[in-house]
Amino acid sequence: MMEGLVSLKATPKISFRSPPSVFHRPCLSIRPFMNPLGANRHSAASIRAQQPDAKDGSALVSTVSVENKEISELKVKEWEVGMFQEEVAASQGIRIRRRPPTGPPLHYVGPFEFRIQNEGNTPRNILEEIIWHKDTEISQMKERQPLSLLKKALENAPPTRDFVGALKEANHRTGLPGLIAEVKKASPSRGILREDFDPVEIALAYENGGAACLSVLTDEKFFKGSFSNLEAIRNAGVQCPLLCKEFIIDAWQIYYARIKGADAVLLIAAVLPDLDIKYMTKICKMLGLAALLEVHDEREMDRVLGIEGIELIGINNRNLETFDVDISNTRKLLEGARGQLISQKGIIVVGESGLFTPDDIAYVQEAGVKAVLVGESIVKQKDPRLGISGLFGKDILVSS
Ligand SMILES: O=P(O)(O)OC[C@@H](O)[C@@H](O)c1c[nH]c2ccccc12
């Protein structure tokens with residue numbers, strides 16, 4: 001039976017002690033009632049993120065509001081036609097659900113309230129687990145720092161650096177793909193990559209080794225990263241533009257990344273419906289951030305290629321649902337008409353994940369990438385700077 005929610009609630013007055021087998025009785029399973037507003041909570045939050053803030057009269061904010069009006073209207077339209085967020089996503093081939101359809105598994109809050117893990121409230125894969133956790137994390141963060149506060153902080157934020165420009169420049173200068181070097185302590189698939197992890201030291205070593213840009217993991221629970229790492233790297237005087245490597249599902253996170261020192265953010269097509277990608281890329285533009293659109297298969301690539309204004313596409317060789325890594329994925333997605341459209345549009349493609357040797361770099365370059373995103377193979381080296389020359393088979397500071 002699908003999505004059978006077993007939720008028992010009893011008042012403490014009732015003395016109730018049941019053997020676990022009782023919880024599996026089919027008679028206790030009910031189908032959840034889908035609340036349209038609940039199902040659309042993310043959309044509502046996203047729209048709110050774009051509304052003018054009466055107390056905050058900054059020019060930036062009003063520009064954001066005006067330019068996003070059209071997108072907000074589209075979102076409202078989505079409601080009007082009565083489509084649920086999950087249905088819109090599913091129609092675009094997105095399998096990741098934004099939150100558990102039957103509500104999160106409850107922790108024991110007393111002897112009488114609990115919920116059994118079942119197909120409805122158990123994530124189907126690691127990416128879904130990350131997204132569900134992120135959803136809860138963001139609502140807590142938003143309570144502590146509402147958007148109005150972030151917008152205030154934006155007034156004093158230093159200008160962003162040109163992420164895409166830095167990649168192009170490195171590619172022209174060296175004749176090799178521009179390197180986005182990732183500051184990554186751990187991942188769910190590989191565990192801890194480096195015990196003695198000093199993010200600033202690693203970032204400086206990458207910069208000295210010729211990285212064009214850096215990627216900083218900010219997810220705490222699954223990647224052992226943090227926004228303080230991002231801030232510390234920015235404040236340490238690193239010149240390379242910084243990508244905030246986060247699982248973005250809400251516009252609030254883009255503002256947050258910007259005030260924490262990001263120059264670019266990651267948007268994952270496996271998680272975000274087209275409409276979200278459209279308005280999030282607009283918000284990025286208005287905040288001076290580059291958006292790296294990550295795709296993993298042909299369908300995601302085609303969706304992203306159908307969206308105007310995309311400058312940077314990352315092809316992830318790792319399937320975030322299964323962790324399988326296959327670098328021929330980059331070649332597959334750049335073959336034929338797709339590759340031609342990409343060069344016509346002047347889009348820079350980044351080859352992501354699973355790159356370890358000069359041969360790997362040559363392979364994805366041959367496939368058409370102008371940049372690569374590399375974590376594990378260089379972060380694991382005692383001296384990450386040497387890790388970079390090892391990866392490319394030469395010192396990339398020297399022009400070709
Ligand atoms: O460590 P690797 O295999 O070199 O991979 C780096 C980067 O591509 C990977 O960390 C990554 C790509 N897309 C992501 C999305 C979220 C978290 C992490 C990632």
Side-chain angles (χ1 to χ4, degrees), residues 42 45-46 48-50 58 60-61 64 68 130-131 133-135 137-164 166-167 180-185 199-200 203 213-236 238-269 271-272 276-294 310-312 314 350 352 373 375:
H42 167 63
S46 308
R48 271 200 303 279
Q50 297 159 54
S58 79
L60 175 64
V61 171
V64 169
N68 274 327
I130 294 173
I131 296 305
H133 182 263
K134 198 54 72 185
D135 187 55
E137 188 182 288
I138 300 164
S139 21
Q140 289 160 2
M141 287 171 84
K142 279 164 106 172
E143 262 171 42
R144 285 199 299 274
Q145 297 187 69
L147 189 67
S148 52
L149 268 189
L150 303 189
K151 285 177 177 171
K152 271 262 163 289
L154 270 181
E155 290 167 19
N156 303 319
T160 52
R161 294 152 212 235
D162 184 0
F163 193 89
V164 181
L167 292 177
I180 308 171
E182 187 153 277
V183 181
K184 180 182 195 182
K185 177 167 181 164
V200 171
C213 298
L214 306 184
S215 160
V216 183
L217 255 317
T218 51
D219 176 79
E220 291 187 13
K221 179 164 182 197
F222 298 90
F223 289 84
K224 306 223 176 298
S226 72
F227 276 96
S228 2
N229 289 355
L230 180 66
E231 238 176 348
I233 291 170
R234 170 53 77 232
N235 294 338
V238 168
Q239 295 301 312
C240 290
L242 305 179
L243 169 72
C244 170
K245 199 69 167 317
E246 185 48 86
F247 295 85
I248 292 185
I249 50 175
D250 190 304
W252 179 92
Q253 294 168 281
I254 303 178
Y255 287 83
Y256 192 67
R258 170 75 177 92
I259 64 163
K260 293 290 177 185
D263 304 293
V265 294
L266 182 76
L267 300 176
I268 304 177
V271 168
L272 299 170
D276 283 0
I277 295 179
K278 283 180 195 162
Y279 84 83
M280 284 182 180
T281 47
K282 282 204 166 190
I283 288 174
C284 286
K285 282 218 167 82
M286 283 178 278
L287 297 180
L289 297 166
L292 173 59
L293 257 300
E294 179 172 299
I310 304 287
E311 286 182 284
L312 201 55
V350 184
E352 301 180 357
L373 172 49

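Numbering starts at 1 and runs along the sequence shown.
Between D219 and K224 there is no salt bridge, since no side-chain nitrogen of the basic residue lies less than 4.0 Å from a carboxylate oxygen of the acidic one. With respect to the salt-bridge test (charged N to carboxylate O, under 4.0 angstrom), the residues E137 and K134 qualify. The pair R234-D263 meets the salt-bridge criterion, with a side-chain N (NZ, NE, NH1 or NH2) lying under 4.0 Å from an Asp/Glu carboxylate O.
Counting only distance, with no hydrogens or angles, the side chain of N235 and the backbone of E231 share a donor-acceptor pair below 3.5 Å. Remark: side-chain polar atoms of Q253 are paired, donor with acceptor, to backbone N or O of D250 under 3.5 angstrom. Judged purely by atom type and a 3.5 angstrom limit, W252 uses its side chain to pair as donor or acceptor with the backbone of Q145.
A 4.5 Å side-chain heavy-atom check between C244 and Y256 finds every atom pair outside the cut-off. When side chains are defined from C-beta on, V350 counts as touching L312, because their heavy atoms get closer than 4.5 Å.
Just one of E182, K184, E352 meets the side chain to side chain donor-acceptor pair (under 3.5 Å) condition when paired with S215; it is E182.
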side-chain contact (heavy atoms from CB on, under 4.5 Å) between I259 and L154, intermediate numbers included: CA-CA 6 Å; I259 64 163; L154 270 181; 3.9 Å; yes
Trace of the side-chain contact (heavy atoms from CB on, under 4.5 Å) decision for I233 with L242: CA-CA 9 Å; I233 291 170; L242 305 179; 4.0 Å; yes
CA sep, side-chain torsions, deciding dist, call: I277, T281, side-chain contact (heavy atoms from CB on, under 4.5 Å): CA-CA 6 Å; I277 295 179; T281 47; 4.3 Å; yes
H133 and F222: CA distance, side-chain angles, deciding distance, side-chain contact (heavy atoms from CB on, under 4.5 Å) verdict: CA-CA 10 Å; H133 182 263; F222 298 90; 4.0 Å; yes
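Annotation for L287 and R258: closest pair O-NE, 3.0 Å, computed over non-hydrogen atoms. The two residues V265 and C284 come nearest to each other via the heavy atoms CG2-SG, 3.5 Å. Contact detail for C240 and C213: the closest heavy-atom pair is CB-CA, 4.0 Å. Scanning all heavy atoms of the two residues, the minimum distance from F163 to A290 falls at CB-CB, 3.9 Å. When every heavy atom of A262 is checked against every heavy atom of T160, the shortest pair comes out as O-CG2, 3.8 Å. Nearest approach of L292 to G314, heavy atoms of both residues: CD1-N, 3.4 Å.
Summarising the geometry, atom CE belonging to M286 is positioned 7.0 Å from atom NZ belonging to K282; distances are rounded to the nearest 0.5 Å. Atom CG of L243 and atom CG of L373 lie 7.0 Å apart (nearest 0.5 Å). Atom CG in L293 sits 4.0 Å away from atom CD1 in I310 (nearest 0.5 Å). Taken from CG in D276 to CD1 in I268, the straight-line distance is 13.0 Å, to the nearest 0.5 Å. To the nearest 0.5 Å, atoms CD1 (I248) and CG (L266) are separated by 7.0 Å. Rounded to the nearest 0.5 angstrom, F247 CZ and E294 CD are separated by 8.0 Å.
Inspection of the E246 and T218 side chains reveals an N or O donor paired with an N or O acceptor under 3.5 Å.
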